[in-house]
Amino acid sequence: MGRPGGGIIETIIINVLLVFMVLLVLALIRTRNLFAVIVLSGLYSFLMATVLVALDAVDVAMTEAAVGAGVSTVLLLGALNLCKSEEAKTAKRPWLPLALSATTGVLLIYGAMGLPDFADPQAPIHQHVAPRYLQNEVDIPNVVTAVLASFRGYDTLGETTVVFTAGAGIIALLRRRKRDTDAK
Amino acid sequence: MSSGGVIEHFSYIVTVFLMVAGLFIVIARGNLIKKLIGLSIFQTSVYLLYIAPGKLLGGTAPILAPQYSIYSNPLPHVLILTAIVVGVATLALGLALAVRIREAYGTIEEDEIVARDNAIEDAEGAGS
């Protein structure tokens, strides 16, 4: 609502950003140097955060910029420090994976064409449970926080379990390494 | 009201492209770190799949204020907040595995790892 033509400009901004993402991923596929690949993937995460801001998902954008672009890049660079930085060139052309990916893509696009239009206010996603969330039942202005903490708290419990398991796994993997080197 | 045009479904098409590109990197590239980056691109495309349908043109971020009446759907945002953290947890675990493989095999290229495994099996088969 509000300014006339605002919807068209919003659509153009979002679509241009999405085209940037496609170009960035194509560059990422072709790049062989792993350091460049990691920098490109950090760039990709920041671009994704920008798209999320344009799609009104500001909380998700903040998390993606901090966790996706920040922590992931640091982890990848740390792993790269321990490994070789150049990807070997595969001898054979990847025709089979290309055919498989293209087939999957065509099938998924065929299915996606049956989904509701972009930003259609009559779509089921806007009619089912969202209007109730937007009534501000728990008296917190940020609806995302309200839903996260009060309606869907079990999600965060599950998330914590996953993070704990992953952390325990990493410690188990990397501690064994230290003992091995001590033994040698 | 679904007219089914390409312009109206452009966000879905880009989502599918990103997903398939991630899948292609995971299958076709032999380097383990590159495979993990492909996996995280696949995960990131899912964020777009969830959040793009929740957008309303002319709407604003779901932070309630008296001067606005249209808000984008907050539920996908909540779900994807969880997914981002889980994605980083899987990436970290995968990288730890890659580092361990590098320690054991001296390489993170899939072809060389398989070749070494086969060589070890052949040597055992010849010895017994």
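These numbers come from the heavy atoms of this one structure, side chains and all, not from hydrogens, waters or symmetry mates. First the proteins, then the strands, lettered A, B, ... as listed; each starts at 1.
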Colleague: Could you check whether atom CG of Leu107(A) has more than 12 heavy atoms from other residues, nucleotides or ligands sitting under 6.0 Å from it?
Modeller: yes
Colleague: Measure from the side-chain N and O atoms of Glu10(A) to the backbone N and O of Gly58(B), and report whether any donor-acceptor pair falls under 3.5 Å.
Modeller: yes
Colleague: Name the region of Leu40(A), side chain, backbone, both or neither, that has any atom closer than 4.5 Å to a heavy atom of chain B.
Modeller: neither
Colleague: Mind checking whether Leu52(A) and His77(B) have side chains closer than 4.5 Å, heavy atoms only?
Modeller: no
Colleague: For Asp59(A) and Leu81(B), work out which heavy atoms get closest and say how close.
Modeller: O-CD2, 3.8 Å
Colleague: Which answer fits Ser72(A), side chain, backbone, both or neither, if we ask what part of it has an atom under 4.5 Å from a heavy atom of chain B?
Modeller: both
Colleague: Using a 3.5 Å distance criterion without hydrogens, assess whether the side chain of Lys34(B) forms a donor-acceptor pair with backbone atoms of Leu28(A).
Modeller: yes
Colleague: Please look at Thr82(B) and chain A and tell me whether the side chain, the backbone, both or neither of the residue comes under 4.5 angstrom of a heavy atom of that chain.
Modeller: both
Colleague: What option among Cys83(A), Gly105(A), Gly167(A) has the most heavy-atom pairs under 4.5 Å with chain B?
Modeller: Cys83(A)
Colleague: Test side chain to side chain contact (heavy atoms under 4.5 Å, CB included) on Ile14(A) and Ser11(B) and set out the steps.
Modeller: CA-CA 9 Å; Ile14(A) 292 167; Ser11(B) 68; 5.8 Å; no
Colleague: Please identify, among Leu75(A), Leu108(A), Val144(A), the residue contributing the most non-hydrogen atom pairs under 4.5 Å to chain B.
Modeller: Val144(A)
Colleague: Can you confirm whether Val163(A) sits close enough to Val85(B) that some side-chain heavy atom of one is under 4.5 Å from a side-chain heavy atom of the other?
Modeller: yes
Colleague: Please rank Ile51(B), Leu79(B), Val86(B), Ile80(B) by heavy-atom pairs under 4.5 Å with chain A and give me the top one.
Modeller: Ile51(B)
Colleague: Evaluate the side chain to side chain contact (heavy atoms under 4.5 Å, CB included) criterion for residues Phe118(A) and His9(B): first the C-alpha distance (whole Å), next the side-chain angles of each, then the deciding distance (0.1 Å), finally the verdict.
Modeller: CA-CA 6 Å; Phe118(A) 178 68; His9(B) 290 84; over 6 Å; no
Colleague: Determine the option with the most heavy-atom pairs under 4.5 angstrom with chain A, choosing from Ala21(B), Ala83(B), Ala52(B).
Modeller: Ala52(B)
Colleague: Out of Leu91(B), Ile27(B), Ile37(B), which one racks up the most heavy-atom pairs below 4.5 Å with chain A?
Modeller: Ile37(B)
Colleague: Could you have a look at Leu36(B), Ile13(B), Leu48(B), Ile7(B) and say which one has the most heavy-atom pairs with chain A under 4.5 angstrom?
Modeller: Leu48(B)
Colleague: Met21(A) versus chain B, heavy atoms under 4.5 Å apart: side chain, backbone, both or neither?
Modeller: both
Colleague: Relative to chain B, which segment of Val53(A) carries a heavy atom at a distance below 4.5 Å: side chain, backbone, both, or neither?
Modeller: neither
Colleague: At a heavy-atom separation under 4.5 Å, does Ala61(A) approach chain B through its side chain, its backbone, both, or neither?
Modeller: neither
Colleague: Tell me, do Asp117(A) and Tyr12(B) make a side-chain contact under 4.5 Å, heavy atoms counted?
Modeller: no
Colleague: Below 4.5 Å, heavy-atom pairs only: which of Val19(A), Val147(A), Leu76(A), Val71(A) has the largest tally toward chain B?
Modeller: Leu76(A)
Colleague: With side chain to side chain contact (heavy atoms under 4.5 Å, CB included) as the test, would you mind laying out the steps for Met19(B) and Thr104(A) before giving the verdict?
Modeller: CA-CA 10 Å; Met19(B) 196 175 275; Thr104(A) 316; over 6 Å; no
Colleague: Might you point out which heavy atoms bring Leu173(A) and Arg100(B) nearest each other, and give the distance in Å?
Modeller: O-CD, 3.3 Å
Colleague: What residue in Pro97(A), Gly169(A), Ala123(A) has the most heavy-atom pairs under 4.5 Å with chain B?
Modeller: Pro97(A)
Colleague: Does Arg102(B) use its side chain to pair, donor to acceptor, with the backbone of Leu82(A) at less than 3.5 Å?
Modeller: yes
Colleague: Do Glu8(B) and Met113(A) touch side chain to side chain, with heavy atoms closer than 4.5 Å?
Modeller: no
Colleague: If I measure from the heavy atoms of chain A, does Phe24(B) come under 4.5 Å with its side chain, its backbone, both, or neither?
Modeller: both
Colleague: May I ask you to test the Leu115(A)-Pro53(B) pair for a side-chain heavy-atom distance under 4.5 Å?
Modeller: no
Colleague: Give the C-alpha distance, both sets of side-chain angles, the deciding distance and a yes or no for side chain to side chain contact (heavy atoms under 4.5 Å, CB included) between Leu75(B) and His128(A).
Modeller: CA-CA 11 Å; Leu75(B) 184 59; His128(A) 183 53; over 6 Å; no
Colleague: Looking at Ala130(A), Ala112(A), Ser101(A), which has the largest count of heavy-atom pairs under 4.5 Å with chain B?
Modeller: Ser101(A)
Colleague: Which atoms of Leu34(A) come close to chain B, meaning under 4.5 Å heavy atom to heavy atom: side chain ones, backbone ones, both, or neither?
Modeller: side chain
Colleague: Indicate yes or no: at least one non-hydrogen side-chain atom of Leu55(A) is less than 4.5 angstrom from one of Ser72(B).
Modeller: no
Colleague: Taking side chain as C-beta onward, heavy atoms only, is Ile29(A) less than 4.5 Å from Arg29(B)?
Modeller: yes
Colleague: Let's test your reading of the structure: which of Gly38(B), Gly87(B), Ala96(B), Ala65(B) forms the most heavy-atom pairs below 4.5 Å with chain A?
Modeller: Ala96(B)
Colleague: I'd like to check Asp120(A) versus Leu56(B) (side-chain heavy atoms, cut-off strictly below 4.5 Å). Are they in contact?
Modeller: no
Colleague: Val25(A) versus chain B, heavy atoms under 4.5 Å apart: side chain, backbone, both or neither?
Modeller: side chain
Colleague: Any idea which of Leu23(B), Leu49(B), Ile108(B), Ile33(B) has the most non-hydrogen atom pairs under 4.5 angstrom with chain A?
Modeller: Ile33(B)
Colleague: Side chain, backbone, both or neither: which part of Leu18(B) has a non-hydrogen atom closer than 4.5 Å to chain A?
Modeller: side chain
Colleague: Val51(A) and Val16(A): same hydrophobic cluster, using ILVMFWY side-chain contacts below 4.5 Å?
Modeller: yes
Colleague: Go through the atoms of Thr31(A) and report whether side chain, backbone, both or neither lie under 4.5 Å from a heavy atom of chain B.
Modeller: backbone
Colleague: Counting only non-hydrogen atoms closer than 4.5 Å, does Ala57(A) touch chain B with its backbone (N, CA, C, O), its side chain (CB onward), both, or neither?
Modeller: both
Colleague: Hey, does the side chain of Asn73(B) reach the backbone of Ile125(A) with a donor-acceptor pair shorter than 3.5 angstrom?
Modeller: yes
Colleague: Side chain, backbone, both or neither: which part of Val67(A) has a heavy atom under 4.5 Å from chain B?
Modeller: both
